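Just so you know, ligand 1 is whichever comes first in the structure, and atom 1 is the first atom listed for that ligand. Count residues from 1 along the sequence. Small disclaimer: the values here were computed from a predicted structure and weren't measured.
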Amino acid sequence: MQPRDLSSHAAYEAGRGIEEVARELGLDPDSLVKLASNENPLGPSPAAVEAIREHAGRVNTYPKASHADLIAALAERWKVTPEQVWLANGGDGALDYLSRATLEPGDRVLVPEPGFAYYGMSARYHHGEVSTYRISKDESFAQTAEGVLEHYDGERLVYLTSPHNPTGSTIELGDVEALADRTAEETLVVVDEAYGEFADRPSAVELVEGRDDVAVLRTFSKAYGLAGLRLGYALVPEAWADAYARVNTPFAASEIACRAGLAALDDDDHVRESVETAREAREYVYERLDAPTWESEGNFVLAEVGDATAVADELQRRGVIVRDCTSFGLPDCIRITCGTDEETRRAVAECNEILREAAG
Ligand SMILES: *Cc1c(COP(=O)(O)O)cnc(C)c1O
């Protein structure tokens, strides 16, 4: 007995962890700076940590009340009904729910290239097929309705990422609306706002109201600093009320995750500080890095450094882990996550030295 033919399924390659790199290089993990996975450099919300401790002794029960309470709190925050909040095991889990709810075998999804790998992976797990639209470096990675429509061919799901990973570009709500208007009735436009808190612009959730063809994805992994907990959600059209109960994996958002999420949601100070730290780091990178960058509305900056793999490897030898964007199809770019002041300074200083030596 063997698994089914999985040759069309690529393995997900996560950014490398501190422990892993430290062991390989024989370095002290504490001496390393990891700016490779867009994690929150300030750590989790302290209120969430407290909630995790407080509820640790109660994980013998299934998360029922906490799940309902978190959904209610999110519904209130976004001014939608609780049925429109599809809480999941990370934003990735919410993507799976959208795939399950929409895709028949052979249906296609349209995803950005470069872009977030899990859109296509999730579609394939659900026997769907993947087409791509280009977000082009020649156009400074601008995102427009026209640019997507050029490649649109009746796909069931169209993914937009705003702010976009790994480039940091965004799409105007007017373009999202135009796209939803001009795609088929059977097409759902999904706006992935995993980095929404870092952008100074309105959420596409305002389009979810009154339409049945726009959904929004959000996560606790980035601004809330809870990536290790796995908590995210989709905000879906009101007309979809019944579907969640039919597609969700029971109790996929754990008791601890739900309790931490509830606490984090009320911890405005932590989010504000996280957003401010990211903003300062972005400015610092634009100003000080001796390489072209693109303006980003996320907690990371894309930089053009020449041979990205060589630069990322050398940075890693010097204890700074960044994301080599070769696997995104950008072999001359690295993505630097916004760190604390100290981390960001160190990353920029090391990178500048490497670039100088390479030019040298
Ligand atoms: C991080 C991220 C997500 C969601 O990640 P989870 O940790 O699964 O919540 C979704 N989309 C993009 C573009 C991301 O970068």
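Contact atoms of ligand 1 toward A194: 2 (C), 3 (C), 10 (C), 11 (N), 12 (C), 14 (C) (distance under 4.0 Å to a heavy atom of the residue). If you number the atoms of ligand 1 from 1 as listed, the ones under 4.0 Å from a heavy atom of S221 come out as 6 (P), 7 (O), 9 (O). Of all the atoms in ligand 1, the ones that sit under 4.0 Å from a non-hydrogen atom of T219 are 6 (P), 9 (O). Close approach of ligand 1 to G90 (heavy-atom distance below 4.0 Å) involves ligand atoms 8 (O), 9 (O).
A side-chain donor-acceptor contact under 3.5 Å links Y152 and T187.
Surrounding CD of E104 are at most 12 heavy atoms belonging to other residues, nucleotides or ligands under 6.0 Å away. Around CD of E353, the count of heavy atoms belonging to other residues, nucleotides or ligands within 6.0 Å exceeds 12.
Using cut-offs of 30° and 60° on the angle between ring planes, the pair F116 and Y119 is perpendicular. Aromatic ring orientation, Y97 versus Y244: perpendicular (interplanar angle above 60°, classes split at 30° and 60°).
Here the shortest heavy-atom distance to atom 15 (O) of ligand 1, taken over F116, Y195, Y159, belongs to Y195.
Look at E343 and R346 and you find no salt bridge, because none of the NZ, NE, NH1 or NH2 atoms lies under 4.0 Å from a carboxylate O.
In this structure, S162 contributes its side chain and I171 its backbone to a donor-acceptor pair below 3.5 Å.
With a 4.0 Å cut-off on non-hydrogen atoms, K222 touches ligand 1 through its side chain and not its backbone. Residue Y118 does not touch ligand 1, judged by heavy-atom distances below 4.0 Å. Counting heavy atoms closer than 4.0 Å to ligand 1, residue D92 contributes atoms from both its backbone and its side chain.
Taking only nitrogen or oxygen atoms, main chain and side chain alike, T161 does not reach within less than 3.5 Å of ligand 1. Residue G91 has at least one N or O atom closer than 3.5 Å to an N or O atom of ligand 1.
From the protein, the heavy atom lying nearest to atom 13 (C) of ligand 1 is D192 OD2, 3.4 Å. Ranking the protein heavy atoms by distance from atom 8 (O) of ligand 1 puts R230 NH2, 2.7 Å first.
Residues W294 and Y284 fall into different hydrophobic clusters, defined by Ile, Leu, Val, Met, Phe, Trp and Tyr side chains chained together at heavy-atom separations under 4.5 Å.
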